[in-house]
Amino acid sequence: MKITFPDGKISEFPQNSTGYDVALSISEGLARNSAAVKVNGTLQDLTAPITTDSEISIITLKDSEGLDVLRHSAAHVMALAVKRLYPESKLAFGPATEDGFFYDFDDLHLTDADIPAIEEEVKKIVKEKVEFQRIVVSRSQALEIFKDEPYKIERINDLPEDEIITYYKSGDLIDLCRGPHLQNSGAIKAFKVMRLAGAYWKGDSNNKMLQRIYGTAFSDKKDLKDYLEMRERAEANDHNKLGRELDLFVTDKRVGKGLPLLTPRGSTLKRTLIRFVEDEELSRGYEYTTTPFMANKELYQVSGHWDLYKDGMFILGDKESQDDKEEVLSLRPMTCPHQYIVYNRRPHTYKELPVRYAETSTLFRNEASGSMHGLIRIRQFTLSEGHIMCRPDQIEEEFEAVLDLINYFMKTLDLKDYSYRFSKWDPNNTDKYINNPEAWEHSQSVLKKILDKSGMPYTEAEGEAAFYGPKLDIQMKNVWGKEDTVITVQLDYALADRFDMKYIDANGEEKRPVIIHRSSIGCYERTMALLIEQYGGKFPFWLAPDQIRILTINDSCHPAAEALKVKLSRVGLRADVDSRSETLKKKVRTAQMMKIPVILTIGESEVANDTVSVRTLDGTVVQDVKVDDFINKCLIFDRNRDLEISFK
RNA sequence: GCCUUCUUAGCUCAGUGGUAGAGCAACGCACUUGUAAUGCGUAGGUCAUCAGUUCAACUCUGAUAGAAGGCUCCA
């Protein structure tokens, strides 16, 4: 049979040669480092015979697909180790993930103290070079083989009728699995259990919680070491840690869970962002509203939020009360209905659309106690919220303008590591959505057309839409690798009807506006968290809570330093003076540790000449800068929101 | 809400069934400093809270609260 290689070369091999044979024919090193083989685009075991003319490529342990195979195999090896140590445990599911793998077990109750024993057992299995044998079985045979593994049985029963059922045997472990796998466990040179966690069977909180073991594996020890060091560096930027070290926020259990308090520095950061966003939005045709932090439950009954989300709302009064006369209020979980009421205060003509309302709105959501996280998931937060009421023919242009605004913010903040997600409804879970399939079909196709036209790469996610419409979500990852939505733009054909919103068209007829719900910079707290992590605390000059720290050489310079501080404050720059009787080295160090972008030093010669010595965070020092020149440069950096500054 | 782990001074962390320690920060004194830690001294803690075991609990057990990671949820 003919084997075609990725470079186009064609070689003749005997019928039923394996991927391993093919690799070996090229070099022994390749065979040794191969993880799997891709035959006509399908990944399969190296040991599987190839039966017909095929295009093949050898996947090595260093390829990302090969690393996935290795990690998936490592998950099996770990399962074998767990089964050896805890024979009563039950297997659930164990795939490779982006940076490792996990395996879920039932009837397993490990604590951290048990991890070393598992790692030892895995080492043994790696040394044993346990083979992975792929075996094809009938459904009835599979049900018999896995009769003691209830989760595998459930899975077999979930498989489509025509699915070929395979399992892998590695030592004493028999695991229902599609593969492919390594030839044997010997290639798993580096293995580590990362952490224990809980996870619901099939990801459904109505199901039993299983024990999940997260681990990672590499084909050599250095890769593992590099990975762990990379994790360590990333976690050093954890906003939850840095944010407190840099004196941006605190928490206190007497205030409550998910209720961080911003310090003066944190507050300055937030205010700077808010002013930036509000000014930019005003310049782009938004009008700002100020609406109440709470509303009667009737408002949310009309919008539909009450039925779906009342458990997640902070309610004042008895939410179960059937008495219509009893006043029941809710702290607002979003501002949409408030702004609709503002829109409805008077009639609108087609000529005045689009109406763009924005608000820096404080919102309250009763998040589940276990889901709160630093500044990222909190119970009171501030959203750069907005709603655009427009005609159907304006949707595209308005949506594009929103994207342009968002891109401007992302670019100004130098955020690059984000992705787009097209969030759609789930037709099989209609309880969560306004159940009008034709409307969903329409709104999703409109949004899809806009996204495709923009050329932006996006992933599609079923079941992630808002209950009233599809969304474009901008997703970012925190230092732990967990993805969150930072910004969302939603297309809503539904709520205008519920609130009886209208405009008069050119023919004098009443029409429903289409509503675009949008955030521009997201939730300020969450965005701040991601900024802290992305910058590692080193904010650009315009955003830094303290922009300039003035250091004095000796006490006689203090009056000049204080006078300079006042001068800087008057022009809107944020400066303070370190007048401690410490050495200059010490004061420089303190300022650098606080990541203050500009450090000024004043001694006798500076006072005499009306100059400053300017040090930037990178350690560069520029001497004898005229105070006025310094101020002018700072004002330009501040106004331009420059990411890099220099006083040379 | 569920799973694992954690909670000792403002911060970072030691520590042991016999009553608590360091570094940094703070404060005081001396030093008056030229670009990443001057020296000496002082003060600071019912060891998260509550209950139990014990002659004795910061240490062991349980509950509660809060925190970290994961799962679920996320308008």
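All chains are named by letter (A, B, ...) in the order of the sequence lines, taking the proteins before the strands, and each is independently numbered beginning at 1.
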Pairs touching residues 234-269 of chain A that satisfy ring pair (Phe, Tyr, Trp, His ring centres under 6.0 Å), sequence neighbours left out: A/His239-A/His373
Partners passing ring pair (Phe, Tyr, Trp, His ring centres under 6.0 Å) against A/Phe93 (at least two apart in sequence or in another chain): none
Nearest-Å distance once atom P is located in both B/rC6 and B/rA14: 12 Å
A/Lys585 side-chain N/O to B/rA36 phosphate OP1/OP2 under 4.0 Å: yes
Sidechain-backbone polar pair: A/Lys297 side chain, A/Lys319 backbone, donor-acceptor under 3.5 Å: no
Test item: A/Arg365 side-chain N/O and A/Phe381 main-chain N/O as donor-acceptor pair under 3.5 Å: no
All stems with RNA chain B, defined as three or more consecutive Watson-Crick or G-U pairs under 3.5 Å: B:1-7 with B:65-71, B:10-13 with B:21-24, B:26-30 with B:38-42, B:48-52 with B:60-64
Least distance between heavy atoms, A/Pro260 atom then A/Thr251 atom: CA-CG2, 3.9 Å
Residue pairs fulfilling ring pair (Phe, Tyr, Trp, His ring centres under 6.0 Å) with at least one residue in residues 587-627 of chain A, sequence neighbours excluded: none
Any donor-acceptor N/O pair under 3.5 Å between B/rC74 base and A/Arg377 side chain: yes
Ionic contact status for A/Glu464 with A/Lys424, cut-off 4.0 Å: no
Listed once per pair and sorted, the ring pair (Phe, Tyr, Trp, His ring centres under 6.0 Å) pairs that draw on residues 600-624 of chain A, sequence neighbours left out: none
Tabulated below should be each protein N or O lying under 3.5 Å from an N or O of nucleotides 2-5 of chain B; please produce it.
from	atom 1	to	atom 2	distance (Å)
B/rC3	O2	A/Gly198	N	3.1
B/rU4	O2'	A/Asp112	OD1	3.2

Euclidean distance for C1', B/rA26 against B/rA65 (whole angstrom): 29 Å
Flag side-chain contact, heavy atom, 4.5 Å: A/Val577 against A/Arg549: no
Under 3.5 Å between N/O atoms: give me all the protein pairs with nucleotides 61-63 of chain B, atom names plus distance.
none

Residues forming a side chain to side chain donor-acceptor pair (under 3.5 Å) with A/His305, sequence neighbours excluded: A/Ser303
Sidechain-backbone polar pair: A/Glu385 side chain, A/Thr335 backbone, donor-acceptor under 3.5 Å: yes
Listed partners of A/Thr616 passing side-chain contact (heavy atoms from CB on, under 4.5 Å), at least two apart: A/Asp618, A/Thr620, A/Ile645, A/Phe647
Ring-face cation of A/Arg212 near A/Phe102 (centre distance under 6.0 Å, axis angle within 45°): yes
A/Tyr468 side chain reached by A/Tyr433 side chain, heavy atoms, under 4.5 Å: no
Among B/rA75, B/rA68, B/rC71, the nucleotide that comes nearest once only the side chain of A/Pro333 is considered: B/rA75
Salt bridge (charged side-chain N to carboxylate O under 4.0 Å, His left out) contacts touching residues 241-255 of chain A (sequence neighbours left out): A/Lys241-A/Glu245, A/Asp252-A/Arg254
Pairwise C1' distance, B/rC3 and B/rC60 [rounded to whole Å]: 24 Å
Heavy-atom closest contact (A/Ala529 atom, A/Leu375 atom, distance): CB-CB, 3.9 Å
Within residues 246-260 of chain A: residues closer than 4.0 Å to RNA chain B (heavy atoms): A/Lys253, A/Lys257, A/Gly258
Separation of the C1' atoms in B/rU12 and B/rA51, to the nearest angstrom: 32 Å
Sugar-phosphate only, base, or nothing, as touched by A/Gly374 at under 4.0 Å among non-hydrogen atoms: sugar-phosphate
Reading 5' to 3' through nucleotides 24-32 of chain B, protein heavy-atom contacts under 4.0 Å coded B for base, S for sugar-phosphate only, - for none: -SS----BB
